[in-house]
Amino acid sequence: MGHTSLEKIIALQKKTAHIRNLCILAHVDHGKTTLADCLVASNGIISSRLAGKLRYLDSREDEQIRGITMKSSAISLHFATGGVEFLINLIDSPGHVDFSSEVSTAVRLCDGAIVVVDAVEGVCPQTQVVLRQAWLENIRPVLVINKIDRLIAELKLTSQEAYVHLQKILEQVNAVTGTLFTSKVLEERAEKDAGSQSSFTENESGDHVYDWSAGLEETDDSDLYFSPDRGNVVFASAIDGWGFSIHQFAEMYSQKMGIRSSVLLKTLWGDFYLNAKAKKIMKGAQSKGKKPLFVQFILDNIWSMYDAVVTRRDKEKVEKMMTSLGLKVMSRDLRHSDPKVLLSAICSQWLPLSQAVLSMVCEKLPSPAEISAERVEKLMSVGARRFDSLPDKTQELKKAFLDCSADETAPVIVFVSKMFAVDSKALPQNKQRPLTHEEISQRRELARQRHAEKQAANQSAESLASGDAGGDSIPAPAAAGVTDALCAQTEALSVKTTVEEENKEHFVAFARVYSGVVRKGQKVFVLGPKYDPSLALRALPEGCSVSDVLPSIPHMSYCTVDSLYLLMGRELEELDEVPSGNVLGIGGLEDVILKSATISTSPACPPFTPLNFEATPIVRVAVEPKHPSEMPKLVRGMKLLNQADPCAEVLIQETGEHVLVTAGEVHLQRCLDDLRERFAKIEISSSKPIIPFRETVVRPPRVDMVNEDLGKQQKVAVIHQVKEEQSKNPECVQVDSSGLVSLTTPNKMATVGVRAIPLPEQVTCLLEDNVELIRTMEQFNLSVREGKTLDISQKILDNIQDFKVKLESHLQGHKWRNAVDHIWAFGPRRCGPNILLNSIEGYRRPSVWQCLETEKTESSALRDFDNSIASGFQLATLAGPMCEEPLMGVCFSVESWDMKISTPVAQQDSVDEGSQPAELNNEHSEVSPVSSSRSRSKAEAAGSSVDCYGPFSGQLIAAVKEACRYAFQAKPQRLMAAMYTCEIMATAEVLGRVYAVLSKREGRVLQEEMKEGTDMFIIKAVLPVAESFGFADEIRKRTSGLASPQLIFSHWEVIGSDPFWVPTTEEEYLHFGEKADSTNQALKYMNAVRKRKGLYVEEKIVEHAEKQRTLGKNK
Ligand SMILES: Nc1nc2c(ncn2[C@@H]2O[C@H](COP(=O)(O)OP(=O)(O)OP(=O)(O)O)[C@@H](O)[C@H]2O)c(=O)[nH]1
Ligand SMILES: [Mg+2]
């Protein structure tokens, strides 16, 4: 098939109903790019001989070298089936976990997805992740079970065994899909199942047969599950270029055998067999020991083909098969020494993969015009906001989404999911195009003229030199020479600037049009993720458009669409306009969009919901240029990198370090390569990865380090220790034996009593998992304090209620009575996994659960400086005393708060200005708030605010922060390490070595099981992030490439050992010796962090002082 012309694609772009936007998703190495190759080859873009080997969409050099995809890239293909022409906008995505953000950006722009599963490996961790992502974005998936050839060649299964194996894989995939569905979908399906059972009847002999007169024409009712008879599964071997759905075989056999193809469609997959005598298709192949139709009609044929071509190389049989199938191959393929060449030449003709996949895609996946109302609402309602709480004008846009119209009047709505960098040389504007004949002759003429002029000038110069050298006036020809030189100079200059221009990175936005037509030169609004249409609609004049002069609105900017591109894998083609429903590239937006944005001609358009990112960026390194003078280049480069990568984060720490945060080792490597070669173009040195830790407190241990019970004697020691430590503390701090810390502000005006309590593990997890809800609650509380209201959708309110109930159920017991209602704040950053508890007797403040309360309670008076306490807590939880890492799983209970001033006046931190004078714990206060005259208290307050200690709120914040730190230190402290989970697939021979590597790196095996039908073991393990660098490489090396794990951040885990541990009991002294210098992992980690941060590290330089001696030479 020839190359599809640009004009054709432009024409196809206008037929929305015949467009399919889809992406290929799978676990790493399951064959996405190879499959894409076959599809690309069907359009003649690459030769079909190279399909599967070229990996055309892996355009980066490192992608080719490593053999993994690192970015998603799109290509537009043309496909005709049944007389209808389709435009397929295909996006290939990476499967490696480190790049899962690229999957998110791809999925957002699509309506459907091809999920690829390796027939041997089956459902892998990333398969589950991508199915989840597809589900979250409401896009419809179809399945390709790839690498069927491995079942024949590697596992050596018979066709019957292969059938059972394939059934299992399908079950696994459907199980994942099943767990994803909400109860609503499950209920719907149950209803549907009940309805569809009536199509089975029993005949006289008791056999189940299909009653094909009734109910068979019923359209397939569920797109949710994969089943070959629903037409949403293709079996394939991408490397050999073949694939089929049972549709093809149903057609083929219905002609051959005279059975209606609709019947075959329903029976080719499943427990059906052919009763040759009765000429009937019967159910119950398995129980009767018959071959299922799928094996008899399909797999057997493929197996015998492989057998004849690859295993036995039986030329005669091959030729016989080819003639019966009506196939022809080139004679050089027939004679090729590698049987695989012949095999793929035959199979790609017999069962062309692109045909099978693309017709499934066109039939089963929706066109952009079929976008569901549910999906639109999901896209339009950001965060906690309800769709029906959006302004009317915004809600009206829903219709535009649903219409997907390319009308002149339709508003333009475009979503940009990522920005990617292209060399300016690769832009179509800058590409060299072949010269036409006239241009060539013109140029020739010009060159000839120039040559003639030069010669004339030379001649006159010579004659001048030989003649009179004196004289003031410059002769005319010489003057011409000067101007010539000038021209040359300016030319050189302009050449230089164009060279610089050419080296510049250009960003192209990866986008999709949801409504209207985008045109080159059009002016549009660019809406950032935080844009609020209701605010803007109030501020903007009615019916305004982008070309008017408008007031500036937060998170909104304007721009002119510079250029539009058709994305063709490695190439870009320039377009003038793109109608709705298409995926496209937009140039010239780099100054207005950082990573993603919504573009519209209507200010009522809401920003799209943020992308669901699955990977957490966790690996950080500090980078710096080799030559300090190149710092500006690095800064610029990092800015570009930040823009070009959806997941990488770039920050400048307070210390001035430039930090790069990435999802994993492979991602890190790619980012550094990009910085070096592309964005900064300088030599860079990077630090060792900075590993994050968390700090926490635990309950006092019951046994000591040698497993002896800690009795009373130990407790005495603890009290003794506390006393000893107290003498070290400054005088304003008092710590009692139970861990209650009282601290007074420097001006002696306020005293707070704080205690640190470890939170149960489930609570910490719960807080971690519900960050979004906590953030929403915080937003609500903030808006209440500002006197505004925030609409929260009922669903979110239900979730909050649920969260609260769960918290209550985990916080049981005397210690936690009513604790949930008394939560003051979460931290750090107001949403972290630590709690500030209000245990002050007599102080009732509005709870954090305000959004759940229907009526305002009376107790909602805020004491002044309430916010200072919360701020102090935020600071304390942001950086703990062990090594200034954030805290986790700690509850700070404020048990007393005494103030000695009355009404503070005009304090900047007093949040609730309208509130009553603070209700005080009168028993402690020295000045009664009522009796003091107003003026006096004013003077006093003014006096106190200008005293030498600075403003009071600041003092209080600092005091609370310090109190929290002391309270933290009064408890047994522990470090928490970030943990990766990994799933390693390995054969029995290398299992031992995998374990060795795991245990060397402090990993822990959770589970080991054998993969059914293979000789592979699947090992699930956890491993501290701190020990993970080089892990994947080491495993690969030790197992000669047989096992390659993928590391995914999973959770935080308390490190058992106490970094401050010193032997205290007699047994411990006996066991560890006085110095106790056995390795303390926690201390090692802690000191490493402290050293990196430039904090004081208690370390002995000379650990074992021994007298130096000279060793004898012969020893
Ligand atoms: N035996 C066999 N190997 C295949 C098949 N399809 C792909 N492969 C091989 O599997 C490996 C991975 O293929 P890719 O297409 O790069 O896999 P991918 O899913 O794109 O990988 P990532 O993009 O890195 O996630 C390559 O070595 C392919 O040659 C197949 O049908 N059969
Ligand atoms: Mg790939």
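Atoms within each ligand, like the ligands themselves, are counted from 1 in listed order.
Among all non-hydrogen protein atoms, the one lying nearest atom 23 (O) of ligand 1 is T69 OG1, 2.5 Å. The protein non-hydrogen atom at the shortest distance from atom 31 (O) of ligand 1 is A238 N, 2.9 Å. Here the protein heavy atom with the shortest distance to atom 17 (O) of ligand 1 is G31 N, 3.2 Å. Scanning the protein for heavy atoms near atom 18 (P) of ligand 1, the closest one is K32 N, 3.4 Å.
Using a cutoff of 4.0 Å between basic side-chain nitrogens and carboxylate oxygens, R49 and D333 are scored as salt-bridged. Under 4.0 Å is where a charged nitrogen must lie from a carboxylate oxygen, and between R55 and E63 no such pair does. For the pair D149 and K340, the salt-bridge criterion is met [side-chain N within less than 4.0 Å of a carboxylate O]. Salt bridge absent: K147 and D29 never bring a charged side-chain N and a carboxylate O closer than 4.0 Å. A salt bridge does not link D92 with K71: none of the charged nitrogens is closer than 4.0 Å to a carboxylate oxygen.
In this structure, of T34, D37, I24, the residue bringing a heavy atom nearest to atom 7 (C) of ligand 1 is T34. Taking only non-hydrogen atoms, the option from I239, D29, D58 nearest to atom 29 (O) of ligand 1 is I239. One option in R55, K147, R150 has a heavy atom closer to atom 4 (C) of ligand 1 than any other, and that option is K147.
Residue-to-ligand polar distances keep P94 apart from ligand 1: every N/O pair is separated by 3.5 Å or more. Not one N or O of V28 is nearer than 3.5 Å to an N or O of ligand 1, by distance alone.
Taking every non-hydrogen atom of T33 and a distance limit under 4.0 Å, the qualifying atoms of ligand 1 come out as 15 (O), 18 (P), 20 (O), 23 (O). Set against the non-hydrogen atoms of I68, the atoms of ligand 1 under 4.0 Å away are 24 (O). Counting the atoms of ligand 1 from 1 in the order shown, those under 4.0 Å from a heavy atom of D149 are 1 (N), 2 (C), 30 (C), 31 (O), 32 (N). When each atom of ligand 1 is checked for a heavy atom of S237 under 4.0 Å away, the hits are 31 (O).
Below 30°, between 30° and 60°, or above 60°: for W242 and F244 the angle between ring planes is below 30°, a parallel geometry.
In this structure, atom 27 (O) of ligand 1 has no protein heavy-atom contact shorter than 4.0 Å.
Two rings, from H667 and F99, have their centers less than 6.0 Å apart.
Angle subtended at the Mg ion (ligand 2) by T33 OG1 and T69 OG1: 100°, rounded to 10 degrees.
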- Message: Working note: N21 + L365, criterion side-chain contact (heavy atoms from CB on, under 4.5 Å); need CA distance, chi angles, decisive distance, verdict.
- Response: CA-CA 9 Å; N21 296 317; L365 297 184; over 6 Å; no
- Task: Walk me through it: do Y163 and F294 pass the test ring pair (Phe, Tyr, Trp, His ring centres under 6.0 Å)?
- Result: CA-CA 8 Å; Y163 169 66; F294 188 74; 5.7 Å; yes
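Under 4.0 angstrom from ligand 1, the non-hydrogen atoms of N146 all belong to its side chain.
For the pair R1001 and F1031, the NZ or CZ position fails the cation-pi test of under 6.0 Å to the six-membered ring centre and within 45 degrees of the ring normal.
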